[in-house]
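Here is the structure we will look at.
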Number of protein chains: 2
Amino acid sequence: MTAKPQYISVWVREAAERARPAAEKPGRGQPSRAQIVRAAIEILDTEGLDALSMRRLGAKLGMGATSIYWYVANKTDLLDLAIDEAFGEIAVPVGGGIDWREATAVFAHSLRRALMRHPWLARLLGGRPNIGPNALRMSDRMATIFDDAGLDHEDIDFTVTTVIAYVIGISGADATWRDTVNTSGLTYDEWTEQHEPALRAGMADLPRLRAIYEKRRLPPDTGSALEARFDFGLRCVLDGIAGRMP
Amino acid sequence: MTAKPQYISVWVREAAERARPAAEKPGRGQPSRAQIVRAAIEILDTEGLDALSMRRLGAKLGMGATSIYWYVANKTDLLDLAIDEAFGEIAVPVGGGIDWREATAVFAHSLRRALMRHPWLARLLGGRPNIGPNALRMSDRMATIFDDAGLDHEDIDFTVTTVIAYVIGISGADATWRDTVNTSGLTYDEWTEQHEPALRAGMADLPRLRAIYEKRRLPPDTGSALEARFDFGLRCVLDGIAGRMP
DNA sequence: GACAACTCTCGAACGCTGTGCGAGCGGGTT
DNA sequence: AACCCGCTCGCACAGCGTTCGAGAGTTGTC
């Protein structure tokens, strides 16, 4: 009946440390930490989430696994840092008189691209709250867009959350799907062939789904088809928001 | 340089086994398997995703950890089965002359409820493609709704995917957030207090975000506030879809 | 030049994980 | 009595995240 360790996010813990003046990290620590995070992302991108272990990362960095703990307290912290690093890639056009709809569309595509480029990202996002500096900055810029458009605070929150939820929801699924095929070592055709009997059996008494599946097999769900579907949904969301703009 | 094991989903593998006539599972196997999956879900719901280990599950079932492997090939398979079991709880009203908009809203709330009831679900959904029988049946029923409303195959696919993406995107985030607070062992107030300095520091030079945060602190983001936000976004999505209906 | 302090590395070890293997048990059929 | 079959499980293995403490290398101070 021992109490749980009560994990605290990097951001929270390090903000608390910063309050005590003497606890600053050493000068050379910062570049090394960034370097570790970059290496971790490289492994995550090329070998997948499950391939990232501290020993593997240490080997890539040419150091012992346990040396990493000098720069980073946890693997959890490391992943939080990787998440926020990825969020840094996301662009939000702000200012310059672009209207909210175009700005939001640009943001949505940018967020999607980040999620597709880093298939591990969506899996981790569903793990713990993300309040890193880049994530906050992204939210602030999105808030700015709708603040400039005249929404009140509650509607800004609602609107921004809706857009992000849709993009993460669909892109996470798309990225996972693509990643599953890619890392299976099979071609797209081999993969669908392997899954054909299971799908056919599962849809045996589901005529509507089967009809859609049959009709939509050519062209297969390659990138452009996924992109068209993403754009369709995004237009739906934006139209719905447009109906609520002042 | 050994090749990866090439994991195949339960559904695919067992559909292939079913093709060979003699490979059916024994009669008593089925109830026991369902019982194992139910026990796994119980652990997942009450203790979280990380708490589910084969030994822990075996202990709960009063059997050795390795005995479970008689009924289930993998932990991965077990989780796939748990996912589909959870999908079985989702209701899709079909037939009976309800219009598509109300039917979709009922479905969306039902899906959300399942995701909130099983906080582990969203985390796992971003892990591998979900083609279990309950998931397929759910998709088929959603397809039926929009087929009856007169959409063509492509638009049915696009529309259903959009709704599901939004619901999973927002509910996954909400469930994770709530779960993080709950399992921290802190009250809501204690938790926000603990995160206050980090958020304040992070938002130091983000005035818009800070303004929203300040203004929206009372009432705190309890269940009803999250529900209002969910409904707002759902209305946006449904409005956008409505504009594309024949 | 000497000694202390501080930054950083790392091998050993702990307790945990998923899982393969093979021995063994009880009941049913031949 | 012999045999098979459904099922259980102890043992073992490789790998995981993480702790600890010993030590190396650099820097700072007298």
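Worth saying up front: this structure is predicted, and the values here are computed from it rather than measured. A note on names: the letters A, B, ... follow the listed sequences, proteins ahead of strands, and every chain is numbered from 1. Atoms considered below: every heavy atom in the structure, side chains included; atoms not considered: hydrogens, waters and symmetry mates.
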Side chain to side chain contact (heavy atoms under 4.5 Å, CB included) with A/Tyr7: which of A/Asp77, A/Val12, A/Thr76? A/Thr76
Within this structure, what is the CH2-to-P distance between B/Trp70 and C/dC25, rounded to whole angstrom? 17 Å
Atom-pair distance (CG on B/Leu61; P on D/dC7), nearest Å: 15 Å
Please tabulate, one pair per line, all N/O donor-acceptor pairs under 3.5 Å involving side-chain atoms of residues 49-62 of chain B, not counting sequence neighbours.
residue	atom	partner	partner atom	Å
B/Ser53	OG	B/Arg56	N	3.1
B/Arg56	NE	B/Glu47	OE1	3.3
B/Arg56	NH2	B/Glu47	OE2	2.6
B/Lys60	NZ	B/Glu42	OE2	3.3

So, using side-chain contact (heavy atoms from CB on, under 4.5 Å) as the criterion, who are the partners of B/Ala135 when residues are at least two apart? B/Asp84, B/Phe87, B/Asn130
Report the distance from atom CZ of A/Arg33 to atom C1' of C/dT7, rounded to the nearest whole Å. 16 Å
Could you state the CG-P distance from B/Leu78 to C/dT17, rounded to the nearest angstrom? 15 Å
Euclidean distance, atom CD of residue B/Gln35 to atom C1' of D/dC7 [Å, nearest integer]: 14 Å
Holding to ring pair (Phe, Tyr, Trp, His ring centres under 6.0 Å), I want the full list of residues that pass it with A/Phe230, two or more places apart in sequence or in another chain. A/His109, A/Tyr166
Under the side chain to side chain donor-acceptor pair (under 3.5 Å) test, which residues partner B/Asp140, sequence neighbours left out? none
Quick one, give me the B/S/- string for nucleotides 10-24 of chain D, reading 5' to 3', where B means a protein heavy atom under 4.0 Å from the base and S means that only happens at the primed atoms, P, OP1 or OP2. BBB---BBBB-----
Less than 3.5 Å apart, which donor and acceptor atoms pair up between the side chains of residues 113-120 of chain B and the rest of the protein, not counting sequence neighbours?
residue	atom	partner	partner atom	Å
B/Arg117	NE	B/Glu89	OE1	3.2
B/Arg117	NH2	B/Glu89	OE1	3.0
B/His118	ND1	B/Asp45	OD1	2.7
B/His118	ND1	B/Asp45	OD2	3.1
B/His118	NE2	B/Glu89	OE1	3.1
B/His118	NE2	B/Glu89	OE2	3.0
B/Trp120	NE1	B/Asp45	OD1	2.7

